[in-house]
Each structure stands twice: as C-alpha cells, then as structure tokens.
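Data first, discussion second: the structure below is written as structure tokens.
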Amino acid sequence: MFNVKWGIIGPGGISSTFVDDLLLPSHQTHSGRDQTIKHSIVAVGSRDVLRARKFVRDHVGTEGGCKSYAGYEGVFADENVDVVYIGTTHTHHYAATKAALLAGKHVLAEKPFTTTAREARALINLAREKSLFLMEAVWTRFQPMVIEIEELVRGGKIGDVRRIFADLGWDAQIDGLSSTSRVISPELAGGALLDLGPYPLLWPLLLIPEASTSLPSSISASIQKTQLDSIASQVDAQTSFVLNYDQSKAQAILSCSITSETFGDSAVVIHGSKGTISIQHPCFRPESYTVKLFAETEAESTKEEETVVTKIAGRGMYWMGDEVGRCLRDGKLESERMGLEVTLLQMEIFDEVRRQGGYELPEIEL
Ligand SMILES: NC(=O)c1ccc[n+]([C@@H]2O[C@H](COP(=O)([O-])OP(=O)(O)OC[C@H]3O[C@@H](n4cnc5c(N)ncnc54)[C@H](OP(=O)(O)O)[C@@H]3O)[C@@H](O)[C@H]2O)c1
C-alpha cells in the first residue's frame, strides 16, 4: 500500500469536497479505485488558522495528528507532506504553486491551473527544473465513464469526430452575490470562462486527435459581460467559443455561463461520421450517455441505440487522487492522462477567448 501524505491549502468549498472524497473508504466508492493507494491528510494551511482547525475537525478528524497552520508556508515546509493540493481561488493558484514547488513539494493545483498561459508556463518550467510532480486537478479525466467514452470514440464506434457541442451553465444568481464573491469579482478573475470553461473544453482536448498536441487552427469567441451595479468592472457572464481543428476536420462549439443553467442530455454531443454520443449534464461528472448509430437503410431510424448509466459515490474526485498517488509512487513527474502540455494549450485558448471578448484580468507578478 502506497500512502500519499497530502497538505491542503485554502480549506474552502472544493478542498472540503476533495478531502471528503479522498477519505471515503474505497469499498464505499465506485469501482476502478486503486486498492494499492491510501490517502492521509497530514497538514492544512489557511490565512485564518481557526478555519484550518475547523477543517481538520470537520473533514479529517483529530486522531491522525493532522497539523493546522496559520498561512501556507508551514504546509510547504512540513517534512511529512508529500504533495500539496492548492484549493485557493484562481488568482492565488500561481503564487501558492510556485511557493510549494520552491519548497520542494509536488503539487496538484485546482482548475483553472492559473489565470493566464504566461503563469502556467512559468510553473511548468519551475516544476521541470526541480524535477517535481505537477498537475492541474481536472478530475473529470479520471472518471471511469469518461475513459469509457474516450475508448468508444477512439475505437471508431461513431466514426470520425466531426463536431463536439459542449456546454456548462450554472445559474449562480449573481444579482444576490457579494461583490467580493470569487464568481463575480474581477480581482479574483471571476466569470464563467475560467471557472466553468475547463469542462466543456475538456471534451475536444480529449477526443479530437490533434487537440491534445496543437492549438486550434482558428478560434472565434464571444463574451457577454455581467452588468452588475455593485462592481466597477465586469467579468464574463456567458462565453461561447468555436475551435476549428483543420487537420482533423473537426469543430468544437463550446459555451459556459454563470447566469443560465444547463439541463438534460445535451451537455455534450459528439457527432461522428457514423453516429453520435450524447452525454448528460453535468459534463464534469457524467452519470449517463447514449450512443446512436446512423441507419444504413431508409427504413430504420437509427441502426443501434444504447444508454449507459452509472452512479458515482461521493463527488468522484478520488480517482484523480489515486492517479496522483500512482505517479508519486512510480516517480512520474506528469500524469499521462492530464499532462502539462494540455494544461498549457487550455490556458492559451482561454487567453485568446478573453482577448477577443475584451476581458482583461489583473496582472499577476511572476
Ligand atoms: N474541481 C471542481 O469541481 C471545483 C469546484 C469548485 C471550485 N473549484 C476551483 O477551486 C478553487 C476554489 O474554489 P472554492 O469554491 O473552493 O473557493 P472558496 O471556498 O471561496 O475559497 C477557497 C479558499 O481560497 C481562499 N480565498 C478565498 N477568497 C480569497 C480572497 N479574496 N483572497 C485570497 N484567498 C482567498 C481561502 O483560503 P484561506 O482559508 O487560506 O483564506 C479559501 O479557503 C477555484 O479556483 C475553483 O475554480 C473546483
């Protein structure tokens, strides 16, 4: 059994979910867990030590000796910590990841990895220089149903991929949010794209052959900004972007929103030359998909139709945790399923979408 000793910084919403998931006994989770990996939370750091202590009480338990730190430096310096999970808000991923790497720690950083490609590139270079593991926490890639869909598509079940529609909308009720909320605050790089955009974008990056190694041949983007009186400068409320991959003759039509909800079975639709796969909302944690193959004769409506359903226990972030464990155990500095070059491509696409949509982020000092 390989024991992964985690340090957590930014003990807020997603850190709670991640830790609850990691500590779920594997027999209570979905199949596909790695029985050779065990997870221990050994340190938690927050700007407010009381928040760190409460997090340990509520999510870790006080028996295992997990330490609570005021600030993040204690976690980075703690010799017991193997890998640091960065659960802070977007604009704080860069500084925290950099400090953890400089202290010699492996890092799993929440999505969006950084706010710009420039920051992402600097972190990737630093991790490579120091020979440390680094990964963006795109947990969806490690879910068994997502791997199954990828295998179907790569195996040619629906023929060549021609178009991918993917959407993630969440009605965050932004009129009622505090102006300091990370969802709408420009200082915290709020908005739909960085928060939700990694999920629709994941699908072409996974399924269009050239997308995991090269930038799209062209990008067209449109941003509608929030129109809130409570804040001086506005973030992106609804963002749509079309990516053309000319070598693969495929197009991705992607959207995200913090003002409108996605429902039903149209979260992702993959159009192939022989059929389609529709994936039910939410596209970050699908529990159902339907394959339809086109009819070969006019008498049939479709040749074959099959719906596959699963039920994920907890949130389903543990598969990603297990992958980090495997990489550390095997001395890998990158995950093959969520490599750093893909993260960089994602951040470059987001830079271009924001450039076209006129959304400028606060400059982060490297
Ligand atoms: N993977 C997923 O499914 C998923 C889901 C939700 C969010 N996320 C990502 O996770 C990150 C955190 O989201 P969240 O919803 O968990 O955020 P959150 O609960 O609002 O905040 C998380 C932590 O960030 C720090 N923080 C919050 N506001 C800050 C501010 N104004 N200045 C400096 N630090 C601040 C705090 O750390 P301290 O305790 O140290 O003060 C807080 O504990 C985001 O980047 C988001 O995109 C991922």
Side-chain angles (χ1 to χ4, degrees), residues 7-22 43-59 68-76 84-97 99-100 107-116 119-120 123 135-143 146 168 170 172 177-202 231 235-236 256 258 281-286 312 314-321 323-324 338 343 346-347 350 361-362 364:
I8 307 292
I9 67 141
I14 195 58
S15 296
S16 308
T17 308
F18 179 58
V19 165
D20 290 350
D21 253 23
L22 281 186
V44 176
S46 169
R47 292 174 304 167
D48 177 349
V49 74
L50 296 180
R51 187 154 52 241
R53 284 191 193 134
K54 182 171 184 328
F55 183 92
V56 172
R57 270 198 312 277
D58 294 350
H59 299 280
S68 308
Y69 289 99
Y72 306 145
E73 286 304 323
V75 176
F76 304 149
V84 177
Y85 170 78
I86 311 286
T88 53
T89 42
H90 315 338
T91 43
H92 298 89
H93 293 178
Y94 174 76
T97 302
V107 175
L108 174 66
E110 257 311 329
K111 45 59 49 183
F113 186 62
T114 48
T115 61
T116 63
E119 294 157 49
L123 292 178
M135 185 173 105
E136 181 183 13
V138 186
W139 56 300
T140 308
R141 279 188 177 248
F142 302 96
Q143 295 166 21
V146 173
L168 182 58
W170 162 49
L177 292 179
S178 145
S179 59
T180 58
S181 157
R182 75 167 184 82
V183 177
I184 52 167
S185 158
E187 287 76 32
L188 297 177
L193 184 69
L194 288 181
D195 201 6
L196 307 178
Y199 296 113
L201 180 55
L202 175 150
I231 51 177
V235 303
D236 69 307
C256 48
I258 52 168
H281 176 67
C283 68
F284 54 75
R285 183 181 178 275
I312 296 177
R315 176 82 161 173
M317 298 180 85
Y318 32 79
W319 290 296
M320 170 179 71
E323 167 73 355
V324 174
M338 186 60 225
T343 285
Q346 171 194 268
M347 298 315 306
F350 287 164
L361 293 177
I364 288 185

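Remember, it's 1-based here, ligands and their atoms both numbered in the order they're listed.
Residue Leu201 holds its CG atom at 9.5 Å from SG of Cys256, rounded to the nearest 0.5 Å.
Heavy-atom proximity to Gly12, at under 4.0 Å, picks out these atoms of ligand 1: 19 (O), 22 (C), 43 (O). Shown in contact with Arg51 at under 4.0 Å from a heavy atom are these atoms of ligand 1, numbered in order with element: 38 (P), 39 (O), 41 (O), 43 (O). When each atom of ligand 1 is checked for a heavy atom of Trp139 under 4.0 Å away, the hits are 1 (N), 2 (C), 3 (O). Within the listing of ligand 1, atoms 3 (O) sit less than 4.0 angstrom from a heavy atom of Arg315.
For atom 40 (O) of ligand 1, the nearest non-hydrogen atom of the protein is Tyr72 OH, 2.5 Å. Of the protein's non-hydrogen atoms, Gly13 N, 4.2 Å is the one closest to atom 18 (P) of ligand 1. The protein heavy atom nearest to atom 21 (O) of ligand 1 is Thr89 CG2, 4.1 Å. For atom 39 (O) of ligand 1, the nearest protein heavy atom (residue, atom name, distance) is Ser46 OG, 2.7 Å. Scanning all protein heavy atoms for the shortest distance to atom 48 (C) of ligand 1 gives Glu110 OE1, 3.2 Å. Looking from atom 10 (O) of ligand 1 to the surrounding protein, the closest heavy atom is Ile14 CG2, 3.1 Å. For atom 9 (C) of ligand 1, the nearest protein heavy atom (residue, atom name, distance) is Lys111 O, 3.5 Å. The shortest contact between atom 2 (C) of ligand 1 and any protein heavy atom is with Tyr199 OH, 3.3 Å.
Contact between Asp48 and ligand 1 is absent, with no heavy atom of the residue lying under 4.0 Å from the ligand. For the pair Glu187 and ligand 1, no heavy-atom separation below 4.0 Å is found.
Compare Thr88, Thr114, Leu194, Val49 by their heavy atoms: the one nearest to atom 12 (C) of ligand 1 is in Thr88. For atom 17 (O) of ligand 1, the candidate residues are Arg182, His90, Glu136, Arg47; the nearest heavy-atom contact is made by Arg182.
Panel note: side chain Ser15, backbone Gly10; a donor-acceptor pair is recorded below 3.5 Å.
When each of Thr115, Ile364, Leu123, Thr88 is paired with His93, the side-chain contact (heavy atoms from CB on, under 4.5 Å) condition holds for Thr88 and for no other.
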